[in-house]
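Quick notes on the structure that follows.
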Amino acid sequence: MPSIIYEIEDSCLELIKGDITTQKTDAIVNAANKALSPGGGVSGAIHRAAGPNLREECRTLGGCKTGEAKISKGYHLPAKYVIHTVGPVYGESPDDELCLSNSYKNSLYKASKNNIKSISFPSISTGIFGYPVKEASEVALNTIIDYLRKHPGIKLVRMVLHSDEDLQTYKSTLEKILNSPGQQ
Ligand code: ADP
């Protein structure tokens, strides 16, 4: 399935199937754990590709709470920065949706503060943390669109999905959001 690009104000929101570690955007986002240790999934892949200096820097960042975001250098990654955010473990609290939205919002805010113009996200919380992809896609895309409408500066937000199925789910959700009344 080819990539899909939508224009939101002066910015682009792109959905692709791919590997977050190879993205050549200014920053990539890590679906991190609270200790900011390598772990598995996206985080393990990012740490392997970035090299051991990323782990060293992460040790100095003081961990990360659910919904918050921290920034580090990208080391051997094509991206200059990694923004680490911890999504909610699905079903652990009644605030799952708010926490997931905060992960996207605070990552974008960190990007704006660091003058980052392009950023790639994985589908936060939908792997080991068990968030259903459809529900997560609604939170992710609504939050990103809302942010782009309010904050000019970031020119490209790329959602990097790991499977055709996830890409299709995100695409359907985005079309539904953009076609809903009040979005024109
Ligand atoms: P979480 O712990 O937040 O659930 P995971 O890393 O377990 O994070 O998974 C988040 C999502 O990222 C899952 O949908 C998973 O399939 C996907 N994923 C795993 N590896 C990669 C990768 N290299 N690039 C992009 N997405 C990935």
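Numbers here simply count residues along the sequence, with the first being 1. Both counts, for ligands and for their atoms, begin at 1 and track the order of listing.
The contact set between ligand 1 and Ser123, taken as ligand atoms under 4.0 Å from a residue heavy atom, comprises 10 (C), 11 (C).
Between Lys80 and Ile116, the closest side-chain pair of non-hydrogen atoms is not below 4.5 Å. Side-chain contact between Lys171 and Leu15 is present, with heavy atoms from C-beta onward closer than 4.5 Å.
Residue-level proximity to ligand 1 for Val133 is absent, since no heavy atom of it falls below 4.0 angstrom.
Using a 4.0 Å cut-off between a side-chain N of Lys or Arg and a carboxylate O of Asp or Glu, Asp164 and Lys17 qualify as a salt bridge.
For Ser43, no nitrogen or oxygen atom sits less than 3.5 Å from a nitrogen or oxygen atom of ligand 1, counting backbone and side chain alike. Residue Leu161 places no N or O, backbone or side chain, under 3.5 Å from any N or O of ligand 1. Residue Ala31 places no N or O, backbone or side chain, under 3.5 Å from any N or O of ligand 1. Any N or O atom pair closer than 3.5 Å counts here, and Val42 shares at least one such pair with ligand 1.
Side chains of Thr25 and Ser118: no donor on one and acceptor on the other come within 3.5 Å. A donor and an acceptor atom, one from each side chain of Tyr75 and Glu57, are located under 3.5 Å apart.
Within the structure, ligand 1 has Gly18 among the residues with a heavy atom less than 4.0 angstrom away. Residue contact check for ligand 1: Ser125 places a non-hydrogen atom closer than 4.0 Å to it. In this structure, Asp19 is part of the shell of residues with a heavy atom less than 4.0 angstrom from ligand 1.
Looking from atom 24 (N) of ligand 1 to the surrounding protein, the closest heavy atom is Ile20 N, 2.9 Å. In this structure, atom 15 (C) of ligand 1 lies nearest to the protein heavy atom His162 CB, 4.4 Å. In terms of protein heavy-atom proximity, atom 14 (O) of ligand 1 is nearest to Thr126 OG1, 3.0 Å. Scanning the protein heavy atoms around atom 7 (O) of ligand 1, the nearest turns out to be Ile128 N, 2.8 Å.
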